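Hydrogens, waters and symmetry mates play no part in the numbers below; they use all other heavy atoms, side chains included. These numbers were taken from a predicted model, which means no experiment stands behind them. Labels below follow one simple rule: chain letters A, B, ... track the order of the sequence lines, proteins then strands, and each chain is numbered from 1.
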Amino acid sequence: MSELTLIIGGNAGQGLESSGAGFCKALNRGGLHVFSVQDNRSRIRGGHNFYLIKTSTEPIVSWTEPVHLLIALTAETVDIHLGKIVPGGAVVYDPSLEIDEDRIKDREAIPIPLPLYDIAGEAGGSKMMANTAALGAVAGLTNFPIKHLLSVIEDNFRKKGDKVININKKVAESAHDHAASKFGDSFKFNMEQQNGAQRMVMNGNEAISLGALVAGCNFVSAYPMTPGSSIFEWLNKHADEYGIVSKQAEDEIAAVCMSVGAAHVGARALVPTSGGGFSLMVEALGLAGMLEEPIVIVLAQRPGPSTSLATRTEQADLLYAINASQGEFPRIVIAPGTIEECYECGGRALNLAEKYQTPVILMTDQFLATSNRTLDKNNIDLGAIKIDRGALLTDDDLDKIDGEYKRYKFTENGISPRALPGHQNAIFKTTSDEHNELGEIVEAADNRIRMNTKRMKKLETALADMNPPKTHGLEDADITFVCWGSTLAPLTEAMNRLNNETSNTANIIQFIDLFPMPVEKVMPVLKNRKRLITVEGNYTAQLGSLLQMTTGVKIEEHILKFDGRPFSPEYILEHLKKLEKRGRNG
Amino acid sequence: MVEVQDYYYPLKPTWCPGCGNFGIWNAFKSALANQNIEPHEVLVVSGIGCGSKLPDYTRVNSLMTLHGRSLAVATGAQLSNHDLKIILAHGDGDGYSMGGNHLIHACRRNIDVVDIYQNNKIYGLTKGQYSPTSDKGFVTKTTLAGSIEKSVNPIALALAAGATFVSRGFAGELEHLIWLIEEALKHRGYSMIDVFQPCVTFNKVNTYQFYNKRVYKLQEENEYDSSDLGAAFAKSQEWGDRIPIGIFYQKKGEPTYQEHLPVLENKSLVKHGLRDSVPEEIKNEFM
Ligand SMILES: Cc1ncc(C[n+]2csc(CCOP(=O)(O)OP(=O)(O)O)c2C)c(N)n1
Ligand code: SF4
C-alpha cells in the first residue's frame with residue numbers, strides 16, 4: 001500500500017478550492033482513493049486557505065494530519081504547515097517566496113523550489129495558473145500519470161474554450177516535466193496509477209443533492225449561505241434537465257415559506273441552509289408542523305452563534321434543531337456520517353417528510369458537506385431510493401371520495417390522508433391557527449387537545465422508521481465512542497489504531513436517526529458498555545445531553561472540539577490520553 | 001355558470017359589525033363568480049390579522065400562514081401549481097410591515113398572483129397600535145403624541161418595485177372594487193389591490209365618511225392613461241382632499257416569472273408527476 005497526504009495552500013482567490021476538487025477527480029481517474037478537507041477563510045481575496053488531499057491505493061478511512069507534500073503558494077503556507085511534514089516529505093514553493101531552505105531541511109524534508117509562476121508564464125498562462133502548475137508538479141514528483149490531470153483540465157475548462165484548455169494543459173505538462181526531471185528521484189512517495197477501479201468522487205452536499213434528485217425533489221428554494229449553498233447550486237444546475245423549480249429567495253424566511261407553499265400544492269421541496277438561515281426559518285418550521293406540510297431543511301452546520309467562523313465546521317446545532325420553534329409539533333432529525341449515508345438521507349428525508357406530513361431536518365456540517373471522498377460506483381444505487389408519498393390522495397381517490405373531505409381527519413396513527421388543492425371534491429382549509437378536522441379555526445379546548453394529540457401522535461408513529469444507531473468495530477470493547485455526523489470518519493481511524501495496538505480496545509456507536517429518538521431500539525445498543533465517551537464538535541456534548549434526556553443514560557466522558565476545524569484521528573487519540581490521565585489522577 | 005352562492009361557507013365572520021372587511025369579502029366573492037372561476041380552482045393565501053381570516057369564511061382552498069409571510073408562501077405555491085388561481089388577503093401591518101421585503105420581490109418577479117391588502121391604517125387584531133400606513137400625527141396607544149413616521153405609500157412602492165398591475169380600491173365602493181378585482185384576476189402577473197378598509201373599532205379617523213368625501217375614480221378621469229408609469233407615480237402622491245382609487249398602472253404583456261422557466265412551459269410543476277428514475281450517466285459527473 002502507498003499513501004500520501006498533500007496540502008496545497010495559498011491565498012483566497014488563488015483557486016485552491018477548484019484545483020483541489022479537480023485534483024481529487026484526477027486521482028480518482030488514476031484509480032486512487034481520496035479523502036479531502038477544505039479549509040477556507042471567510043474572504044474572497046487574501047488570507048490563508050488550504051486544501052488537503054489524502055490519497056492511497058487502498059480505501060481511506062479518514063484524513064490524517066501528517067503531510068508528505070506541501071505545495072506553498074504563499075510563505076505563510078510554509079509557516080503554518082511545516083510542523084506537520086514527515087521526514088522524507090517535500091515542500092514545493094516558488095523561489096520568489098524566499099523560503100529559508102534550512103527550516104525545511106531541519107525537519108528532514110526536501111526543499112523543492114520550482115518557478116511555478118515562470119513556468120505558467122512561459123507556457124503562455126497567467127499568474128493565476130500557478131495552481132495548475134503546482135498540480136502538474138505534484139504529478140511529476142509522485143509518478144502520477146499526467147494524463148488524468150489533463151483530462152480533468154479539459155472537462156473543467158470546457159466552457160471556457162480550447163484556448164484556455166490548451167494553455168492550462170501546457171502549464172501542467174511543463175511543470176510536470178520540470179518537477180519530474182529535477183526532483184522526481186529525490187521525493188520517494190509515489191502515487192502510481194491503479195487500474196480497473198470504477199469509483200466516484202463526491203462530497204456530502206453533492207451526495208445529498210443526488211439523493212434528493214433521485215427521490216423526486218422538484219422544488220428547491222434557498223438564500224445563499226455557506227456551506228449549504230452548493231446543494232442549491234447543484235440542483236439549480238440540473239433544474240431544466242430534471243424538471244426542478246429552483247428559486248433563490250430574498251431571505252431564508254422567504255426560502256422556507258416558499259417550500260411550504262410548494263409542498264402544500266404537491267411539490268417535493270427542499271431548503272438547504274446553515275445555522276443563521278435556519279434561525280430565520282424557525283417560525284415557518286413551526287408553520288410546516290402546524291399545517292402538516294412535508295418540507296426538508298438541510299442544515300449544514302458551521303460555528304455559531306451569529307456569523308462566527310463562517311467557512312468552518314462545528315456540530316453545535318443539534319439540540320437547537322430538535323427544539324427550535326415555539327410550541328410542540330413532530331419533526332424528524334437525521335444526520336448522516338458518510339457520503340453514502342448523505343445520499344441515502346437525501347432521499348429518505350423527502351420520503352419521511354411526506355409519509356409523516358411534517359418537516360424533516362437533515363443535518364451535516366461544513367466538513368462533511370465539502371469533504372471529497374472516493375466511493376465505489378455501486379455504493380450509490382440509483383434504484384435503491386423508492387419514492388414514498390405516504391397518504392397522498394390521487395385524483396382517482398378524490399373522484400371517489402364520499403362526503404366531506406377532512407384534511408386533518410383524526411386517525412389512529414395521527415396521519416390524515418392528504419389532498420392537494422385543485423380538486424372539486426376536496427376544497428379544504430389549512431391554517432396556522434389551531435383548527436378542527438376541516439381546517440377551520442377553532443379555539444375549543446377539547447378540539448385543541450384532540451388535534452394537538454393527533455399531530456404529536458405522528459412522532460410515535462414515526463418511531464417505526466427510526467433506526468437504531470449503527471455500531472462499528474467489535475461487539476465488545478473497553479471503550480465505546482458515541483458520535484454523530486462527520487465525526488465518524490476520523491473516529492473510525494482512531495478506533496482502528498487503538499485496536500491495532502491492543503485488540504478490543506474500542507468500538508463506535510454512530511447515531512444517524514436523532515429525533516424522535518427510538519429509545520427502545522437504542523437501549524440494547526447503549527447498555528452494558530464498559531466505558532462510554534461521546535466525541536462531538538461542540539462545547540457542551542449535545543448528543544450526550546440528548547441521550548440523557550431521552551434514554552436516561554448519562555455519559556460522563558467527552559472528547560469535544562469547537563475550534564472550527566474538523567476532528568482528526570490524532571486529535572481524538574491525544575484527547576483520549578488526556579481523559580485517561582485525568583481519570584488516573586482522580 | 002358560477003354563482004356567488006358557490007362561495008358560501010357556513011361560518012359566520014367574526015369581524016366587528018360595519019368592518020370594511022365585509023365589503024372586501026363580498027366584492028371578492030362576486031368578482032370570482034363574475035369571472036366564472038370555481039371555488040376549487042382558487043387558493044387563497046393569507047397572513048395573520050383580522051382581514052386574513054377572510055378565507056376561513058369562504059368556500060375556497062385556503063392557506064392561512066404567518067404574519068407577514070403570505071407572499072413568500074404564495075410564491076412557492078404559484079411556481080409549483082400555476083393552474084390554481086392564487087389570491088392573497090392580508091392587512092397593512094402584515095403586508096407592508098412584516099411582509100414589506102416579500103412585496104418588493106414579488107413585484108419585481110412579476111409573480112402571477114392577485115394581492116389584496118386590507119388597508120385599515122391600523123393594527124386591528126392586536127387592538128389598535130399604529131401601522132406602517134398610519135398617517136403622520138395619527139394617535140394610537142403606541143403613538144400617544146401622534147405618529148412621527150411618514151406612512152408607507154404602497155402604490156409608489158409597488159410601482160418602484162416594478163409591479164405590472166397597481167391599483168387601489170375602497171371597501172365602501174363595492175361595484176368599483178368588484179371591477180377592480182376582476183381586472184386583477186384577468187391580469188397576467190403580479191397584481192396589487194390596496195383597499196381602504198375602515199376599521200370601525202380602532203381607527204376613528206379613516207372612516208367611511210372620510211373616504212366617501214375624498215375618493216374619486218381614476219378611470220373616470222378622461223385624460224388618465226394607466227399605461228403611463230410617470231403619470232402613475234404622480235397620482236400615487238395625491239393625498240388630501242382628493243384621493244384617487246382605481247388602476248394606477250397596468251403593463252400588459254410582460255412575461256410572468258413562471259413564463260421564464262422552461263420547466264413550466266407546458267404544464268404546472270406538480271402536473272409533471274415525480275421523475276421515476278435518474279439515468280446512470282449522472283454518475284459520470286463524479287468520475
Ligand atoms: C411574528 C408575529 N408577530 C406579531 C404577531 C401579532 N400580530 C397579529 S396580527 C398583527 C397586526 C395586525 O394588523 P394588520 O396586519 O394590519 O391586520 P388587521 O388585523 O388590521 O387586519 C400582529 C402584530 C404575530 N401574529 N406574529
Ligand atoms: S378590529 Fe377593525 S379590522 Fe378588525 S374586525 Fe374589527 S373593525 Fe374590522
Spacing of A:Glu293 atom CD and B:Leu63 atom CG [to the nearest 0.5 Å]: 6.5 Å
Please walk me through it: do B:Arg275 and A:Ile387 pass side chain to side chain contact (heavy atoms under 4.5 Å, CB included)? CA-CA 9 Å; B:Arg275 79 187 69 83; A:Ile387 293 175; 5.7 Å; no
Of all heavy-atom pairs linking A:Tyr242 and B:Pro279, the shortest is OH-CD, 3.6 Å
In terms of heavy-atom proximity below 4.5 Å to chain B, should A:Asn372 be classed as side chain, backbone, both, or neither? neither
For B:Glu285, all residues meeting salt bridge (charged side-chain N to carboxylate O under 4.0 Å, His left out), sequence neighbours excluded: A:Lys237
Segment of B:Ile48 engaging chain A (4.5 angstrom heavy-atom cut-off): side chain
Enter the distance from B:Leu66:CG to A:Ile253:CD1 here, rounded to the nearest 0.5 Å. 9.5 Å
Name the region of A:Arg29, side chain, backbone, both or neither, that has any atom closer than 4.5 Å to a heavy atom of chain B. side chain
Between A:Ile441 and chain B, with a heavy-atom cut-off of 4.5 Å, which part of the residue counts as in contact: side chain, backbone, both or neither? both
Nearest-0.5 Å distance that lies between atom CZ in A:Arg268 and atom CG in B:Leu274: 6.0 Å
Can you tell me which portion of A:Arg407 sits under 4.5 Å from chain B's heavy atoms? Options are side chain, backbone, both or neither. neither
Under 4.5 Å to a heavy atom of chain B? For A:Ala263 that would be neither
Do you know which of A:Ala215, A:Cys217, A:Gly439 has the most heavy-atom pairs with chain B at a distance under 4.5 angstrom? A:Cys217
Please list all pairs passing the side chain to side chain donor-acceptor pair (under 3.5 Å) test where one or both residues lie in residues 203-219 of chain A, with sequence neighbours left out. A:Asn205-A:Ser230
Part of A:Ala284 within contact of chain B (heavy atom distance under 4.5 Å): both
Selection from A:Lys247, A:Met202, A:Gln198 maximising heavy-atom pairs under 4.5 Å formed with chain B: A:Lys247
Identify which part of A:Leu213 has an atom lying under 4.5 Å from any heavy atom of chain B, answering side chain, backbone, both or neither. both
Would you confirm whether A:Thr431, through its side chain, and B:Thr65, through its main-chain N or O, come within 3.5 Å as a donor-acceptor pair? no
Given heavy-atom pairs under 4.5 angstrom as the criterion, report whether the side chain, backbone, both or neither of B:Pro55 touches chain A. backbone
Answer with side chain, backbone, both or neither: which region of B:Leu264 has an atom nearer than 4.5 Å to a non-hydrogen atom of chain A? side chain
Could you tell me the separation between the CG atom of A:Leu287 and the CZ atom of B:Arg69, rounded to the nearest 0.5 Å? 11.0 Å
Identify which of A:Val260, A:Leu210, A:Ile244 forms the greatest number of heavy-atom pairs closer than 4.5 Å to chain B. A:Ile244
Separation of A:Glu440 CD from B:Met64 CE (nearest 0.5 Å): 9.0 Å
With only heavy atoms counted, which part of A:Asp251 is less than 4.5 Å from chain B, the side chain, the backbone, both or neither? side chain
B:Thr58 portion near chain A, given a 4.5 angstrom heavy-atom threshold: backbone
Cut-off 4.5 Å, heavy atoms of chain B, and the answer for A:Asp240 is both
Hey, which of B:His272, B:Lys85, B:Arg59, B:Lys53 has the most heavy atom pairs under 4.5 Å with chain A? B:Arg59
Side chain from CB out, backbone as N, CA, C, O: work out which of these in A:His238 comes under 4.5 Å of a heavy atom of chain B, or both, or neither. side chain
Taking every heavy-atom pair that is under 4.5 Å apart, which of B:Thr75, B:Asn81, B:Leu269, B:Leu84 has the most such pairs with chain A? B:Leu269
Give, as side chain, backbone, both or neither, the part of A:Lys429 having an atom under 4.5 angstrom from any heavy atom of chain B. both
A:His423 and B:His40: CA distance, side-chain angles, deciding distance, side chain to side chain contact (heavy atoms under 4.5 Å, CB included) verdict: CA-CA 6 Å; A:His423 196 283; B:His40 72 271; 5.9 Å; no
Any cation-pi pair here, A:Lys377 with B:Phe286, using under 6.0 Å and within 45°? no
Cut-off 4.5 Å, heavy atoms of chain B, and the answer for A:Leu420 is neither
From NE2 (A:His264) to OG (B:Ser80), nearest 0.5 Å: 11.0 Å
